[in-house]
Participant: 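Pasting in a structure now, in structure tokens, and then I'll have a few things to ask.
We name chains A, B, ... by the order of the sequence lines, and we start the count at 1 in each one. What you see is a predicted model, and the numbers here were worked out from it, not measured in a lab. No hydrogens, no waters, no symmetry mates; every other heavy atom, side chains included, goes into these values.
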Amino acid sequence: MAEEKTGDQVEPKKVRFSFQEGKGQPPLNLYLHWCKACNICIAFCPQKVFDPDRDGKPIVARPEQCTQCAICWLHCPDFVITSNYK
Amino acid sequence: MAEEKTGDQVEPKKVRFSFQEGKGQPPLNLYLHWCKACNICIAFCPQKVFDPDRDGKPIVARPEQCTQCAICWLHCPDFVITSNYK
Amino acid sequence: MAQSKNSVRRLVQGNEASMLGALYAGCNFFAGYPITPSTEIAEGMARMLPKKGGRFIQMEDEIGSMGAIIGASAAGAKTMTATSGPGFSLMQENIGYAYITEVPCVVVNVQRGGPSTGLPTKIGQQDTMQARWGTHGDYTAISVAPASVRECFEQTVKAFNFSERFRTPVTVLSDEVLGHMREVITLPEEGEIEIINREKPDVPAEWYHHFEATPNLVSPMAGFGEGYRFHMTGLVHDPEGFPTADTNEIRKKLSKLRNKIVRFSDELVQLETTMMDDANIAVVAYGTAARAAQQAVLMARDKRIRAGLIRPITIWPFADDQIRALLKGIKTVLVVELNMGQIVHEVDRLAHRHCKVESLNRFDGEVLDPVEIFKRILEVK
Amino acid sequence: MAQSKNSVRRLVQGNEASMLGALYAGCNFFAGYPITPSTEIAEGMARMLPKKGGRFIQMEDEIGSMGAIIGASAAGAKTMTATSGPGFSLMQENIGYAYITEVPCVVVNVQRGGPSTGLPTKIGQQDTMQARWGTHGDYTAISVAPASVRECFEQTVKAFNFSERFRTPVTVLSDEVLGHMREVITLPEEGEIEIINREKPDVPAEWYHHFEATPNLVSPMAGFGEGYRFHMTGLVHDPEGFPTADTNEIRKKLSKLRNKIVRFSDELVQLETTMMDDANIAVVAYGTAARAAQQAVLMARDKRIRAGLIRPITIWPFADDQIRALLKGIKTVLVVELNMGQIVHEVDRLAHRHCKVESLNRFDGEVLDPVEIFKRILEVK
Amino acid sequence: MPATVQPSDVAYNYLRVKKNFPNVWCAGCGIGTVMGSIIRAIDKLGYSKNDIALVSGIGCSSRLPVYCDFNTLHTTHGRAIAFATGVKLAKPHMKVIVITGDGDGLAIGGNHFIHACRRNIDITTILINNHIYGMTGGQCSPTTAHDKKATTAPYGNLENTFDVAQLAQAAGASFVSRSTVYHVQQMDKLIGLALEKKGFSLFEAISNCHTYYGRLNKEGDAVSMIQDMKKIALPIKAAKVLPPEKTKGKLLTGVLWDVEKPEFCSEYQKLIDNFKDEREKNNA
Amino acid sequence: MPATVQPSDVAYNYLRVKKNFPNVWCAGCGIGTVMGSIIRAIDKLGYSKNDIALVSGIGCSSRLPVYCDFNTLHTTHGRAIAFATGVKLAKPHMKVIVITGDGDGLAIGGNHFIHACRRNIDITTILINNHIYGMTGGQCSPTTAHDKKATTAPYGNLENTFDVAQLAQAAGASFVSRSTVYHVQQMDKLIGLALEKKGFSLFEAISNCHTYYGRLNKEGDAVSMIQDMKKIALPIKAAKVLPPEKTKGKLLTGVLWDVEKPEFCSEYQKLIDNFKDEREKNNA
Amino acid sequence: MPDTTQKNDEKKKSGKPGKVVRGERYEIRFSGSGGHGVILAAVMMSEAAGRNPKLNVIQTQSYGPEARGGSSKADVVISKETIYYPKAMKLEMLLAFTQEACDKYYTDLKPNGLLVVDSNMVTKLPIKNSFGFSFIRIAREQVGHPMVANVIALGAMAALTGLVSRDDLKEVIKTRAPRGTEEKNLKAVKIGFDLGLKALKEKIG
Amino acid sequence: MPDTTQKNDEKKKSGKPGKVVRGERYEIRFSGSGGHGVILAAVMMSEAAGRNPKLNVIQTQSYGPEARGGSSKADVVISKETIYYPKAMKLEMLLAFTQEACDKYYTDLKPNGLLVVDSNMVTKLPIKNSFGFSFIRIAREQVGHPMVANVIALGAMAALTGLVSRDDLKEVIKTRAPRGTEEKNLKAVKIGFDLGLKALKEKIG
Ligand SMILES: Cc1ncc(C[n+]2csc(CCOP(=O)(O)OP(=O)(O)O)c2C)c(N)n1
Ligand SMILES: Cc1ncc(C[n+]2csc(CCOP(=O)(O)OP(=O)(O)O)c2C)c(N)n1
Ligand code: SF4
Ligand code: SF4
Ligand code: SF4
Ligand code: SF4
Ligand code: SF4
Ligand code: SF4
Ligand SMILES: [Mg+2]
Ligand SMILES: [Mg+2]
């Protein structure tokens, strides 16, 4: 029960997913129709993967940095984010 | 807080009131109109002062034994018993 | 006649009959909170239900009791609660929830004298209008009022039938005298009274809509845990059960609540008449008051007064058409109630122009005496 | 005109006006539980009362709120609560307690669409009958229905006045549109509207009976802690306030509850008419619906249709005599309500034989449009 | 007469003797005994009758106020504390005492109870716990022990019970105490302490309903039920120095909880006073 | 992808995606996050959707069930537990989950809450505590801290708060746990444990209402409120080994209480089975 | 309700209603105070009478304002015809266990109605047509239990009215008496029935 | 309610009612979604209009089914005569912050009614008679706060309608703007008013 010890729920992952611009699929899918631009994913992503668009919704700006740590999709209150790695 | 220690609320009194048949007033007054013959006073009097009458209401049978310990009047749920000693 | 076990004549109390009627109708869940003079119903249920595999729970209050029977009914049970005035008032919010979510359940109100704590051990018929208008918002209510121990049984069965047939809460308006009275009666045997159960869906779960529009306006009803997953809410909702703000859907939903009952009120109306054929003075009374009125009508007939009795058993929906027809040619109608005048307003609406509407009311916790009523018949005739 | 601070015209919301009206009337205690669309009243009270030395409390629910305002009124305060349908249903039991113990207090019901949770942010006028019949037992209710922001203020003051004058709870039937609407108005100045306070006893404490029989049927009322020690109970009681089983006393007590209001209903009835002098078609409407109806009547007059408007402001007791008189000579009466038809039943009772009673109802959370009403006038005229 | 012994007739100064007596309770019902304690505690504290309000709900226990010559309010079932809250806020100088039963105060009235605890409003609640609904004829209450019988638990109660004191404490009450109708002098004292406490104070009086609870559970008449209380009670002070096995199954009595925390009426008064000060400052 | 990381799209198997989305909650409201946890916990336990009932009252949090493809019942304000009790007793094999808020579950619904605890009926209650009434626009709730602002506490809250966990425990619940919308994986796990517990189990989810609570109390937007949760939370296991001064003002998270006691539905089943046995014996 | 009436869901069967023949109502009241068990006695009387298939029986009671204390009464109405009004109107027979009850209810007796009292409790007899028995004393002395006084009285009244048979009474007592007290109650009812018969004989004879 | 009517407690004053002259209603709607502050703008407009003692003003709004989210609208009705029906019937002017609101409400405009939109948000204009302003962009760029877009729009609409004066608007903003934002809002209203005047001139000129 690691999270009980630290109060933190996610350990930084060691694995780094390789993603290269123009190659393969992006690490995440965003169903932005449901997104309300709350900024949680953007602020909480430890790898700074997202940038906000004009409306404040996330753009996967640095896909190659994503570690699939799950923080963004676990916190997103609107079920916007799904992962492409299964 | 003696009663907190023993769980008992009344210590037996040392004083014994003198009452003699035919002399002075009885130790207690009973307003029997309110009495419901519950038997509490009779059962709880440590000095066995009362006897029940035909209806189960108390009779001050042994007035000379009353120590004015207050048990009867404190317990009587119907405010029947008052003391003549003040 | 070979008597089955049930058909033995026996001395039964009104509240006991209500309880037995519920079991006869298949009630398998009861939640309640004790209150005089209804408590014997809960006590009987506590004793009987576990024996029949049903469940009884004493809730923390009447609000909880009403909530629990709605929840249990949503989950497929046939459910009932019993109470009296103060508890009935507390149940109103949740009764409204049962109206809008169209959940069948039965509420027995063994009426006592009111308002407020009032006269806990005395009779009243003062919750008649409350049974119709007690909760906020628009809806249409069904209530029945028994007048004998046998009817406490029968009308509880009917209440379940109406409730299941129309997917709506139904109130049984009993009263203190009826509830505590004992009569030697023969209880109906199994099969003697038809039992109606809610229609279950026959479509696949994907197609199921909990509030589907149907020709008779009553939607088939699945229960929780039966493979049909659906949503229920006290917000105005669409046929699927989801909240809606579409004025058209709202109008349809609320109209359905009314029309499913109003359009079929002939199925609901139960009315008993005595010697109305040649009557020129009609007495209208229900529940315990009707028994005194019946006696009074007989006394009047003895004196060659052409009195008759109209006794609504179904109080809501009110028997408008039937009573209007019965009052044709009647000179005076005397409405006898154990309250300050409640259904007299309905009769007033229905009375023809030449028909005098009079009332006789008692609200001091006692039943009207037949002689009192008889005297009043003499006065107003 | 030298304008005092109060007489400045300003934009006021309906709920704010109700709140200000209460303060104007001297309300010094408010207990409530938030519910849309009434919450602004509680919020305003929370802000204002401590400034005026009064007290506000948010209770754990509406039952508690109603209990608290009755308790505070028994202890001498002028008290109010505000709610909407679901809360109003929950308050019914304790409202009945206020009836029988004759405790003045004001309940503002800012109506929303029902039944149940219904349409929390939409308008309804569906609790009209509930305000009359919502709690169990026999009693007579007083309710007023404002139709403008200024009237939200005025009628709250009146509600306090009626409540204090008659020692009884009074309901203000506001609605979502009124509550949230803003109008530029001039608030009454101090002294502009008369304030009535409950009559206090002038006898020595030993002689004081909390429910003493008086010529106007309203007993002087001492508060707790004022040297008059008395008993209050929801059981039917004698003039001293002690429970009684004497049928005579019971009859007297319950009759008092009715008669103190019925006999003085002329003091209570408030009715506004527009162009009824030569009308042959009358529209009856109240609250927000009346504003649409008023516009529709003007449209009809433009088309030379002799329409008029009857607007009851006091809903209960219903203005029987006044409306009966106004309907003399009227051919058609059109009752316009934002519900499925509630006071139409009352109008029906009162309409003369030759007078057709029609109704126009809307219950989808929207206000009737003047054009809709106008069209219906054309249809039924 | 020894000074420690309570005079026997103070009660008469506080009873509405002209009406209502003999009281409605069954012969031997402990509620009358609790009433005596309340009256003596008030008398001892020297409060003025005019400043005392007794507020109750519905139940045998809730019938108590009608017999006492105070400001008395017999409300609806379960709602006494809500009404009392109004009384207290309208007349903050008054001593407001709620009289309730285990059904009235904890079943239907449980919510008002825990919220009054939380608010820590200066009300003293005397909860007469007879483990059953007496008034309506012996139904189960939230304090009817598991397996015990009641008319709505004919095969034994399937539910668990509240520990009233623990509930009150967890909900936020600032004073919690308990005794029984056997321990009358302890009751007198604890009620006095509860009344003197600023904040929400609870006194739980264990009482006998031999008519229903006793009969259904074969616990005998009033006398034997009251005598049983003697056996089961254990003063908390004594309990504290005993090993756990000796306190198991015992009913702890005495002051069970006593803390200081913000009290609602005083907090409100501060708010009012602040505004007053502000106004005065502005006017000056 | 590491095995411990939750798949991101299980939720879609449980959402009523065709209607009702996007959900009604404000941008960043934690209720949606709690919904994700509930779904993942259920998925992990492999329960059948048909056997799950989600029952709620009224409030923002109580809107949760409408989005989930279970048997869902959105009841009246404060009454979810009462309705759920009926559901459970009618279909004892079902997993009945109550979704409620601090206002719904503890203010108006406080009584059903404590009684369900007492009865120890096998229902899991997920109480989303945002310390305010969100739905009606920011009024005070029983968990709004003393001195904090709300629209009905414009000068700061004069009342004290419930410690929900302590209240549930004192009232008789058999399992009590707590976490925050910051600690999503802890939430997933604790909800799973609560669901697996036989008896009344509580999971309190601390959530953010930045729209009202945050604005009125200057606690910033969703992100900053959620980040604050990280600072204040302290796992109970860690707290147990810390000195008291280090745990003061902290929000304990984890499993706070877990005991075995008689559960209502099983007790009832025994009663029914007894009668069945008796009948069968008599017939044999 | 009554069979003689028409339900709207049936076809109207009855022809023109003429003069209605109504059977005689036989009304008995049991009265006393809380502990006297008058309701149980009335219930037993009703059930016994109901064993006769030709009789209709209704039993009602009235509680005081409280569930406990105060005087209590229980009425039994017996008739060959349908009983409409369920409460007693004119009593054929009144049993009074207390003076208070006697004073309160004797005026409800028919002109020739019979008053039965516990002669130790009711010492002032308001009317002549009465029987006194020491029910409570006999219960204590002969059955060892004052509580069965009500059943002794029941027996006596059964004998005096002739409405129910000894056997029917016995059957009823077997089912209605609290468990474990059947024997005592059977003994009590025998005593009472014999007392009643004896008194009747004396009166007639 | 209206002054033209008779209260039963007064003496009926008015004579025969003839043809009723009604003042023109001037109806404006502010629409957008949750965060756009359309209600506050409508309230400010109403209060400013109300400063003219000759005008009657009513402001209403409608909430979606929820307290939050969805599109919201606020109406202002202004008239020299008593206003009976409080809701807008035929709009003189409609402000739309979103395309959704625009599409939903433009049909409520009078034949010659004017549509005012945020030209970045509303790109498909359903009618010709319209003005577009970049309210939100201007708010961000010139006031540093997108939140004051509503007040800029208010200023523009005030100028376009000519119903309320610049001074009245200012006064109102001082009291109605959230504390601490007065300056920003005053600046915003000035910008808006000027924008409106300019647009008007261009149109007319
Ligand atoms: C709303 C409502 N529900 C139910 C009742 C019936 N009722 C009266 S007293 C009571 C129980 C009282 O129990 P308790 O408080 O323990 O008092 P006791 O009689 O045991 O002293 C009940 C259920 C009522 N009067 N009002
Ligand atoms: C009987 C009743 N009273 C009041 C309301 C209004 N109401 C709806 S939600 C709510 C408060 C909800 O608070 P909480 O449970 O904390 O939910 P949140 O919105 O904060 O998630 C209130 C008071 C209602 N719907 N019904
Ligand atoms: S999974 Fe989400 S939070 Fe984690 S690194 Fe990738 S984008 Fe960032
Ligand atoms: S957390 Fe979800 S809703 Fe919030 S900005 Fe990111 S994707 Fe959008
Ligand atoms: S005071 Fe009472 S109890 Fe004590 S000895 Fe005297 S009679 Fe007995
Ligand atoms: S305790 Fe009181 S009521 Fe009981 S027997 Fe003694 S005097 Fe009578
Ligand atoms: S029923 Fe029980 S609680 Fe009520 S008075 Fe009798 S003994 Fe006391
Ligand atoms: S108001 Fe508060 S609780 Fe409700 S959805 Fe918005 S942030 Fe969440
Ligand atoms: Mg009790
Ligand atoms: Mg909340």
Participant: Return the minimal non-hydrogen interatomic distance between C/Ser89 and D/Gly134, and the atom names on each side.
Facilitator: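 In this case the closest contact between C/Ser89 and D/Gly134 is OG-O, 4.4 Å.
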Participant: Below 4.5 Å, heavy-atom pairs only: which of C/Met91, C/Gln342, C/Arg258, C/Gln126 has the largest tally toward chain D?
Facilitator: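 Looking at each of C/Met91, C/Gln342, C/Arg258, C/Gln126 in turn, C/Gln126 comes out on top.
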Participant: Among the options D/Met129, D/Arg112, D/Gln92, pick out the one with the most heavy-atom pairs lying under 4.5 Å from chain C.
Facilitator: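 Top count of heavy-atom pairs under 4.5 Å with chain C: D/Met129.
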Participant: Side chains of D/Pro115 and C/Leu257, heavy atoms from C-beta outward: is any pair under 4.5 Å?
Facilitator: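 Answer yes - side chains close enough.
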Participant: Might you point out which heavy atoms bring C/Ser116 and D/His136 nearest each other, and give the distance in Å?
Facilitator: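 Distance-wise, the nearest heavy atoms are O-NE2, 2.9 Å.
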Participant: Looking at D/Asn339, D/Asp348, D/Thr140, D/Asn109, which makes the most heavy-atom pairs under 4.5 Å with chain C?
Facilitator: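 Between D/Asn339, D/Asp348, D/Thr140, D/Asn109, the count favours D/Asn339.
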Participant: Taking only residues two or more places apart in sequence, or in another chain, which ones meet C/His345 in a side chain to side chain contact (heavy atoms under 4.5 Å, CB included)?
Facilitator: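 Side chain to side chain contact (heavy atoms under 4.5 Å, CB included) check on C/His345 returns D/Trp133, D/Arg349.
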Participant: With chain C, which of D/Asp127, D/Thr247, D/Asp246 has the greatest number of heavy-atom pairs at distances under 4.5 Å?
Facilitator: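 Maximum pair count with chain C is reached by D/Thr247.
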Participant: Among residues 248-255 of chain C, which residues come closer than 4.5 Å to chain D, judged by heavy atom distances?
Facilitator: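 Listed by number: C/Ile250, C/Arg251, C/Leu254, C/Ser255.
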Participant: If the contact rule is any heavy atom under 4.5 Å from chain C, which residues of residues 93-101 of chain D qualify, in numerical order?
Facilitator: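 When heavy atoms of chain C are the reference, residues 93-101 of chain D contributes D/Glu93, D/Gly96, D/Tyr97, D/Ile100 within the under-4.5 Å range.
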Participant: Quick one, D/Leu90 and C/Ile63 - any side-chain contact, counting heavy atoms below 4.5 Å?
Facilitator: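 Yes, close enough: below the 4.5 Å cut-off.
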Participant: Check side chain to side chain donor-acceptor pair (under 3.5 Å) between C/Ser359 and all other residues, then give those that pass, not counting sequence neighbours.
Facilitator: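 Side chain to side chain donor-acceptor pair (under 3.5 Å) check on C/Ser359 returns C/Asn361.
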Participant: Which bit of D/Asp138 comes within less than 4.5 Å of chain C, counting heavy atoms only: side chain, backbone, both or neither?
Facilitator: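 Both backbone and side chain.
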Participant: At a heavy-atom distance under 4.5 Å, which candidate from D/Arg362, D/Gln130, D/Glu346, D/Arg132 has the highest pair count against chain C?
Facilitator: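 Top option by heavy-atom pairs under 4.5 Å: D/Gln130.
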Participant: Who among C/Gly118, C/Ser84, C/Gly114 has the most heavy-atom pairs with chain D under 4.5 Å?
Facilitator: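 Looking at each of C/Gly118, C/Ser84, C/Gly114 in turn, C/Gly118 comes out on top.
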Participant: Side chain, backbone, both or neither: which part of C/Phe88 has a heavy atom under 4.5 Å from chain D?
Facilitator: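 Neither the backbone nor the side chain of C/Phe88 comes within 4.5 Å of chain D.
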